Amino acid sequence: MAAQRILVIEDETGAREALKSLLDEEGYTVCTAEDGRKGLERLSDFHPDTVVCDFYLPDIDGLQVVRAIRSAAARGITVIIITAGCGGEEAESILRREADFFFQKPLDLRRFRDVLQAGASPTEALSLH
């Protein structure tokens with residue numbers, strides 16, 4: 001079976017490299033992008049199974065990325081939003097509805113790994129947020 005393909009969209013170099021390193025060590029095929037537009041461009045050539053996206057990006061926010069993925073994807077792509085904070089309860093509520101998974105930084109690595117390994121469905125995600 002081919003390794004799960006994960007696209008990491010994160011503008012902070014250290015966080016992006018740490019996620020890539022962690023995912024590489026876990027055996028995933030990883031591609032990275034430093035902003036939302038570049039991440040969306042990589043969708044068509046990398047064909048990820050999962051997108052891990054920071055909410056705060058320098059060009060477009062994570063919600064715009066989620067919505068673009070949902071409207072453009074011909075097949076299901078799991079979307080995981082990570083953030084240090086996303087602008088209040090209303091924004092967090094919207095993200096929880098539109099993304100498959102939502103994690104606050106710093107990441108709970110055990111839960112993050114569990115989500116990736118289980119390939120949990122969105123209904124399972126409700127208990128993992």
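Bear in mind that the values here come from a model prediction, so they are computed numbers and not experimental data.
Taking CD1 from Ile81 and CZ from Phe102, the interatomic distance works out to 8.0 Å, rounded to the nearest 0.5 Å. A distance of 10.0 Å separates CD in Glu26 from OG in Ser21, rounded to the nearest 0.5 Å. Note: Thr83 OG1 to Asp54 CG = 6.0 Å, rounded to the nearest 0.5 Å. Of the inter-residue distances, the one linking Lys38 atom NZ with Thr32 atom OG1 reads 10.5 Å to the nearest 0.5 angstrom.
By the 4.5 Å heavy-atom criterion applied to side chains, Val8 and Lys20 are not counted as neighbours. In this structure the side chain of Cys53 reaches within 4.5 angstrom of the side chain of Leu57, judged on heavy atoms. Side chains of Val52 and Phe103 form no contact here, defined as non-hydrogen atoms less than 4.5 Å apart. Under the 4.5 Å side-chain criterion, counting only non-hydrogen atoms from C-beta, Pro48 is not in contact with Ile6. Two residues are said to be in side-chain contact when any heavy atoms from C-beta on lie closer than 4.5 Å; Ile60 and Arg37 meet this criterion. Using a 4.5 Å cut-off on side-chain heavy atoms (C-beta onward), Leu116 and Arg113 make no contact.
Side chain of Gln64 to backbone of Asp61: a donor-acceptor contact under 3.5 angstrom is found. Under the 3.5 Å distance criterion, the side-chain polar atoms of Ser71 are matched with a main-chain donor or acceptor of Arg67. Although no hydrogens or angles enter the test, the distance criterion places a donor-acceptor pair under 3.5 Å between the side chain of Arg70 and the main chain of Ile77.
Remark: Glu12 engages Glu10, Ala15, Lys105 in a side-chain contact (heavy atoms from CB on, under 4.5 Å) (not counting sequence neighbours). The side-chain contact (heavy atoms from CB on, under 4.5 Å) search around Pro58 returns Asp11, Asp35, not counting sequence neighbours.
When Val30, Val79, Val51 are each tested for a side chain to side chain contact (heavy atoms under 4.5 Å, CB included) with Leu7, only one passes: Val51. Just one residue in the list Val65, Leu63, Ile82 forms a side chain to side chain contact (heavy atoms under 4.5 Å, CB included) with Phe55, and that residue is Leu63.
Between Asp100 and Thr78, the shortest heavy-atom contact is OD2-CA, 3.1 Å. Nearest heavy-atom pair, Gly27 versus Ala3, reported as atom, atom and distance to 0.1 Å: O-CB, 3.2 Å.
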Would Gln4 and Thr50 count as a side-chain hydrogen bond (donor to acceptor under 3.5 Å, both in side chains) if you check the C-alpha gap in whole Å, the side-chain angles of each, and the deciding distance to 0.1 Å? CA-CA 8 Å; Gln4 187 179 138; Thr50 301; 2.7 Å; yes
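Relative to the six-membered ring of Tyr28, Arg5 misses at least one condition, a distance below 6.0 Å or an angle of at most 45° to the axis.
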